[in-house]
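The structure appears right after this line, and notes come after that.
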Amino acid sequence: REAADGDGTKDIVVSENWLVLLFKELEKQGITLPERFSEDELRRFHMAANGDLSILVSSVKKTIRWRETFHILTLQELEKWSHLVFWHGFDTTLRPCLVIRLGLACSSIAPRDRPCFGQAVVSQIDHGIIHLTNEEDPRITVLLDCHGISPFKFPMQMMRSFVNLVQENYPNRLGVLIVVRLPPVVRVIAQTFIQLLKPSTKQKLRFEGESYKKTLAEFLQIVPAFLGGKCNCSRCKKPRDSSLIQAGEGSRSRSLTSAGSRSPVSDMDLDEELEELPSPYNCENAIRAAVVGLLMVWIFVAFLAGMNDPQSIP
């Protein structure tokens, strides 16, 4: 890349050249960009592609196709999942905060409903990016509550599929990921593993133990009541009873989220059953727990890298 002139003119021209080339290539292939793809959004894809035009074109085309087949739930449809995934105020830097109660979801959702839960998480991210982020810092904060998850029973495939979707379709959108109430064995592995990451990445990934309440008070303007805060919003005052998710709701919700020829969860290859390991009463199972814990940590790091920095993983 050429050096900029004194007034920065050459730098601007060179930096915008990729955008012109992208438009020409898409036009040559007969592809029309949806309104959703603003120049700011395209810049994020450009950063994720490390400036490689062929990768950029491929990723934009893939996201366009994904948006044609993946049904983003409406706000009304998201109400069913509002006790498990919801926006809750802002952090101290005015980034909107998405709360995902993964532990509660794993313990209360029937296997056939888990793809729709993943769909709800992706839909909330989409709505938040469009309606809640600000121009100065259009990123989000994610608070992942893992209370109730066992390292011997974890929805690994669900998390992998979700991470892949986020990586490919929402690049450079994560400000910080705060993971609280992890199983102790996983938290120890996490705290060791993140030391291998770049400093810029470590700042955006927090695995909190017993002191999570203090950390949340420092990061968030309003801490959810179920995590020790004093919030009185509708989500905190009247948490939905998990028993309301009935066994037969899975098939009904799938038909509800279909829109014409759209497939609501076409890219969500999620497990029908949780991946379970035997009871932890011998050395072999302890090693297995550590392996599963490490995989869980790697998934969290991949989520962070995909939404923030494509070079984050060592």
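Quick note: residue numbers are just sequence positions, from 1. Owing to the predicted nature of the structure, the values given are computational and were not obtained by experimental measurement.
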Checklist entry - Testing Val142, Val223, Leu220 for side-chain contact (heavy atoms from CB on, under 4.5 Å) with Cys97, which one passes? => result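 Among Val142, Val223, Leu220, the one meeting side-chain contact (heavy atoms from CB on, under 4.5 Å) with Cys97 is Leu220.
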Next on the checklist: Whether Glu168 and Arg65 form a salt bridge (side-chain N of Lys/Arg under 4.0 Å from carboxylate O of Asp/Glu) is what I want to check.
Outcome noted: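 No, Arg65 and Glu168 are not salt-bridged.
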Item to check | Electrostatic pair Asp126-Arg173, nearest N-O below 4.0 angstrom | outcome: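 Answer for the salt bridge query: no.
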Quick check: are there more than 12 heavy atoms from other residues, nucleotides or ligands sitting under 6.0 Å from [atom1] of [X]?
{"X": "Glu27", "atom1": "CD", "result": "no"}
{"X": "Gln29", "atom1": "CD", "result": "yes"}
{"X": "Glu218", "atom1": "CD", "result": "yes"}

Next on the checklist: Determine whether His88 and Ile222 satisfy the following criterion, side-chain contact (heavy atoms from CB on, under 4.5 Å), listing intermediate values before the conclusion.
Outcome noted: CA-CA 8 Å; His88 192 276; Ile222 304 176; 3.7 Å; yes
Is the backbone N or O of [Y] less than 3.5 Å from a side-chain atom of [X], with the two atoms forming a donor-acceptor pair by type?
{"X": "Thr63", "Y": "Val60", "answer": "no"}
{"X": "Asn50", "Y": "Asp52", "answer": "no"}
{"X": "Ser211", "Y": "Lys214", "answer": "no"}
{"X": "Glu25", "Y": "Val57", "answer": "no"}
{"X": "Asn172", "Y": "Arg44", "answer": "yes"}
{"X": "Ser82", "Y": "Glu79", "answer": "yes"}
{"X": "Asp91", "Y": "Arg95", "answer": "yes"}

Checklist entry - side-chain contact (heavy atoms from CB on, under 4.5 Å) between Ile178 and Phe207: does it pass, once the steps are laid out? => result CA-CA 6 Å; Ile178 306 174; Phe207 289 91; over 6 Å; no
Do [X] and [Y] come within less than 4.5 Å of each other through their side chains, counting heavy atoms only?
{"X": "Leu33", "Y": "Leu26", "answer": "yes"}
{"X": "Ile149", "Y": "Leu182", "answer": "no"}
{"X": "Leu104", "Y": "Leu84", "answer": "yes"}
{"X": "Phe90", "Y": "Asn134", "answer": "no"}
{"X": "Leu73", "Y": "Trp81", "answer": "yes"}
{"X": "His71", "Y": "Ser123", "answer": "no"}
{"X": "Ile100", "Y": "Val121", "answer": "yes"}
{"X": "Leu21", "Y": "Leu19", "answer": "no"}

Checklist entry - Checking side-chain contact (heavy atoms from CB on, under 4.5 Å) for the pair Val122/Phe117: CA distance, chi angles, key distance, verdict? => result CA-CA 9 Å; Val122 174; Phe117 168 67; over 6 Å; no
Checklist entry - Listed by chain and number, what are the side-chain contact (heavy atoms from CB on, under 4.5 Å) partners of Ser38, not counting sequence neighbours? => result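 In terms of side-chain contact (heavy atoms from CB on, under 4.5 Å), with neighbours along the sequence ignored, Ser38 is linked to Asp40, Glu41.
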Checklist entry - According to a 4.5 Å side-chain heavy-atom criterion applied to Ile, Leu, Val, Met, Phe, Trp and Tyr, with indirect links allowed, do Ile55 and Leu42 form part of one hydrophobic cluster? => result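 Hydrophobic grouping puts Ile55 apart from Leu42.
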Checklist entry - Step by step, would you call Asp137 with Leu94 a side-chain contact (heavy atoms from CB on, under 4.5 Å)? => result CA-CA 8 Å; Asp137 186 359; Leu94 301 182; over 6 Å; no
Nearest heavy-atom neighbours spanning [X] and [Y]:
{"X": "Ile130", "Y": "Arg36", "value": "CD1-NE, 3.6 Å"}
{"X": "Ile64", "Y": "Thr32", "value": "CD1-O, 4.4 Å"}
{"X": "Leu78", "Y": "Ala120", "value": "CD2-O, 3.6 Å"}
{"X": "Pro224", "Y": "Cys236", "value": "CA-SG, 3.8 Å"}

Checklist entry - Cationic tip of Arg206 within the cone over Phe219's six-membered ring, i.e. under 6.0 Å and within 45° of the normal? => result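 Not satisfied by the 6.0 Å and 45° rule.
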Rounded to the nearest 0.5 Å, how far does [atom2] of [Y] lie from [atom1] of [X]?
{"X": "Arg114", "Y": "Ile109", "atom1": "CZ", "atom2": "CD1", "result": "7.5 Å"}
{"X": "Ile125", "Y": "Leu174", "atom1": "CD1", "atom2": "CG", "result": "8.5 Å"}
{"X": "His147", "Y": "Cys106", "atom1": "NE2", "atom2": "SG", "result": "12.5 Å"}
{"X": "Gln221", "Y": "Cys231", "atom1": "CD", "atom2": "SG", "result": "11.5 Å"}
{"X": "Leu53", "Y": "Trp18", "atom1": "CG", "atom2": "CH2", "result": "9.5 Å"}
{"X": "Asn17", "Y": "Leu22", "atom1": "CG", "atom2": "CG", "result": "11.0 Å"}

Checklist entry - What is the ring orientation for His131 with His127, classed by angle as parallel under 30°, tilted 30 to 60°, or perpendicular over 60°? => result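 If you compare the ring of His131 with that of His127, the planes turn out parallel.
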Next on the checklist: Can you list everything that forms a ring pair (Phe, Tyr, Trp, His ring centres under 6.0 Å) with Phe45? Sequence neighbours excluded, please.
Outcome noted: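 Partners of Phe45 under the ring pair (Phe, Tyr, Trp, His ring centres under 6.0 Å) test: Phe37.
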Item to check | Distance-only donor-acceptor check, side chains Arg139 and Thr133, under 3.5 Å | outcome: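 No donor-acceptor contact under 3.5 Å links the two side chains.
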Item to check | side chain to side chain donor-acceptor pair (under 3.5 Å) assessment of Trp87 paired with Gln124 | outcome: CA-CA 8 Å; Trp87 292 98; Gln124 283 286 22; 3.2 Å; yes
